[in-house]
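A, B, ... follow the sequence lines: proteins, then strands. Residue 1 opens every chain. Remember, it's a predicted structure, so these values are computed and weren't measured experimentally.
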Amino acid sequence: MAKYTRLTGTQDILPEEQRYWEHFRQTVAQVALDYGFDRIDLPIFEMTELFARGVGENTDIVEKEMYSFQDKGDRDITLRPEFTAGVVRAYIENGLHVQPKPVKLYSIGPAFRYERPQAGRYRQLHQYNAEIIGESGPMADLEIMLMAWDIYARLDFQGLAFQLNATGCPACRPTYIETLAAHYRARQDALCDDCLRRLEQNPLRLLDCKREACQGHIAAAPKITAHLCAECDAHFAELRGFLDDLGRPYTLNHTLVRGLDYYTKTVFEVWAEGIGAQSAVCGGGRYDGLIELIGGPATPAVGFAAGIERAVLVMKEQDVEVPALPTPPVYIAYLGDACRQYAVRLLVHLREAGLGAQIAMGGSLRSQLRHANKRDARFALIIGEDEMAADVVMVRDLHAGDQETVAQDALIATLRSRLDA
RNA sequence: GUGGCUGUGGCCUAACGGUUAAGGCACCUGUCUGUGGAACAGGAUAUUGUGGGUUCGAAUCCCAUCAGCCACCCCA
């Protein structure tokens with residue numbers, strides 16, 4: 001056992017894993033580019049108060065999952081548990097509201113939550129997210145949903161499904177919650193302990209209790225979509241109209257609720273097959289009140305966030321085709337100390353010409369070639385005293401298994417043309 | 001925070017309470033002193049997660065602790 005080990009809930013993403021991560025990042029970056037989202041990178045820690053207010057004082061994230069500490073200046077600091085609060089802070093602080101509206105941003109990187117690890121869930125996790133800030137109409141909701149879907153569709157994920165719901169707004173949600181709570185209070189004796197707690201603390205959560213015994217209460221519960229105000233109802237209808245028109249399937253899921261306080265109107269998730277207890281690969285929705293809440297001008301916004309660990313899990317589970325990471329095409333092998341300096345000069349020469357190259361650090365020619373093969377080199381260049389004397393290089397094609405003698409001054413052109421072929 | 005399961009070389013797995021903890025993968029070397037992938041041979045790598053206890057004797061039984069996995073709460 002090593003003396004020092006990973007802290008609970010952290011992970012080492014080893015070289016052999018990197019192709020999954022790289023493939024995912026590239027897909028996100030490409031879709032963001034195609035959709036016109038600009039990348040923004042933010043600090044991974046912020047003032048604790050930003051998250052406490054932005055995420056919501058009564059959420060689990062704030063109550064028990066934040067990695068918080070004091071720095072040497074006695075500032076209260078928290079490692080970001082999610083991205084949106086930071087994006088909004090940056091939007092306000094940097095005056096991004098002067099940009100042409102709506103402002104479309106995406107971000108990608110680590111986030112932190114102090115909780116027990118589980119399949120696809122870590123204390124240091126990785127997320128990306130996308131936000132459209134400054135547009136209140138449902139076209140923005142649509143754009144966000146299409147982007148979320150497209151990322152997983154381009155990754156060739158199977159079993160994708162939209163889950164869609166509305167959560168109302170400050171005008172209609174409170175009365176709905178009261179109606180819901182009344183429904184549950186009437187059957188208080190039949191509720192599980194968790195639901196009794198939810199009834200007091202967060203009645204919307206009653207709707208996603210997973211216990212058998214509670215499913216009947218959920219099915220009979222009033223649906224928020226029947227209690228929306230005129231504005232929310234129209235917004236929701238318009239959004240569905242877009243999706244219907246495009247022929248994008250979605251499931252109206254009235255049990256879909258968000259854990260964070262700032263959501264309004266639209267909430268959605270994208271589900272995929274094969275990630276254990278969690279089925280959502282991403283989740284998002286509209287948060288029209290957040291920017292004002294943390295000190296900016298009243299500005300509507302919509303966005304989504306997704307965990308990369310879960311996506312990697314699905315890629316493996318579903319055997320998604322993931323391209324191998326590129327390796328340098330050239331490996332230089334040489335015979336004995338007499339050829340070493342010559343080989344190093346050749347190495348540097350190739351790199352200056354823009355060709356990726358590695359060199360053996362020693363050993364027999366046999367073991368050098370063995371190494372070249374294991375490192376997935378396309379060409380082994382072999383240099384012995386004969387080659388040095390004749391100003392040539394032996395070029396062995398490790399894929400084809402053949403080799404030829406190439407004049408020094410024709411080497412780079414030869415390698416290039418064979419790589420392009 | 002709660003519950004269940006599991007900890008043996010880098011990875012996977014074996015070993016009735018009883019000799020020096022066995023095998024496979026991977027790694028290195030050699031057979032082949034100028035040629036990779038295959039085969040064969042050899043080599044290095046383990047205070048059996050940690051601490052305590054029971055016993056003549058513990059990888060094995062007991063307790064504690066730590067870690068991992070899975071699930072719950074909740075969330076991505």
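A donor-acceptor pair under 3.5 Å is formed between the side chain of A/Thr167 and the backbone N or O of A/Lys265. Judged purely by atom type and a 3.5 angstrom limit, A/Glu135 uses its side chain to pair as donor or acceptor with the backbone of A/Gly137.
Summarising the geometry, the separation between CD on A/Gln403 and C1' on B/G34 is reported as 9 Å, rounded to the nearest angstrom. For A/Glu309 and B/C69, the CD to P distance is 12 Å, given to the nearest whole Å. The nearest whole Å value for the distance from the CG atom in A/Asp193 to the P atom in B/U2 is 17 Å. Distance, A/His371 NE2 to B/G37 P: 14 Å, rounded to whole Å. When the P atom of B/G1 is taken as reference, atom CZ of A/Arg113 falls 18 Å away, rounded to whole Å. Between the OH atom of A/Tyr4 and the C1' atom of B/A67 there is a distance of 17 Å, given to the nearest Å. Rounded to a whole Å, the OH atom of A/Tyr114 is 14 Å from the C1' atom of B/U2. Atom OH of A/Tyr128 is separated from atom P of B/A76 by 13 Å (rounded to the nearest Å).
Rounded to a whole angstrom, the distance from the P atom of B/C12 to that of B/A26 is 15 Å. Rounded to the nearest Å, the gap between the C1' atom of B/G4 and that of B/U8 is 23 Å. One P atom belongs to B/G52, the other to B/G42, and the distance between them is 40 Å to the nearest Å. Annotation: B/C66 and B/C40 have their C1' atoms spaced 44 Å apart (nearest Å). As rounded to the nearest Å, B/G9 and B/G49 have C1' atoms that lie 14 Å from one another. Between B/U60 and B/U6, the two P atoms lie 15 Å apart (nearest whole Å). B/C61 and B/G24: their C1' atoms are spaced 30 Å apart (whole Å). Distance noted for atom C1' between B/G18 and B/G10: 31 Å (whole Å).
Atom CD of A/Glu404 has more than 12 neighbouring heavy atoms from other residues, nucleotides or ligands inside a 6.0 Å radius.
Looking at A/Gln18, A/Gln26, A/Arg19 one by one, the single match for side-chain hydrogen bond (donor to acceptor under 3.5 Å, both in side chains) with A/Glu22 turns out to be A/Gln26.
Within 4.0 Å (heavy atoms only), A/Asn129 reaches no atom of the nucleic acid at all.
Pairing of B/G18, defined by two Watson-Crick or G-U wobble distances under 3.5 Å, is identified with B/C56. Of all nucleotides present, only B/U31 satisfies the Watson-Crick or G-U wobble test against B/A39, with each distance under 3.5 Å. For B/C73, there is no paired nucleotide, since no Watson-Crick or G-U wobble pair has both relevant distances below 3.5 Å. With both pairing distances under 3.5 Å, B/C5 is matched to B/G68 as a Watson-Crick or G-U wobble pair.
If A/Gln127 and A/Arg6 are placed on RNA chain B by their nearest nucleotide, the residue sitting closer to the 5' end is A/Arg6. When the nearest nucleotides of RNA chain B are assigned to A/Gly401 and A/Gly9 by heavy-atom distance, the more 5′-ward of the two goes with A/Gly401.
OP1 or OP2 of B/C70 has not a single side-chain nitrogen or oxygen of A/Gln118 nearer than 4.0 Å. For the OP1/OP2 pair of B/G30 and a distance below 4.0 Å, the side-chain nitrogens and oxygens of A/Ser364 include at least one atom meeting the criterion. Contact annotation: A/Thr5 does not reach the phosphate of B/G49 (side-chain N/O to OP1 or OP2, under 4.0 Å). Side-chain nitrogen and oxygen atoms of A/Lys64 include none within less than 4.0 Å of the OP1 or OP2 phosphate oxygen of B/U2. One finds a side-chain N or O of A/Arg198 lying less than 4.0 angstrom from the OP1 or OP2 phosphate oxygen of B/C73.
Residues A/Arg25 and A/Ile108 meet the side-chain proximity criterion, which asks for heavy atoms closer than 4.5 Å.
Look at A/Glu46 and A/Arg89 and you find a salt bridge, because one of the NZ, NE, NH1 or NH2 atoms lies within 4.0 Å of a carboxylate O, short of that distance. Taking 4.0 Å as the cut-off between side-chain N and carboxylate O, A/Arg286 and A/Asp141 count as a salt-bridged pair.
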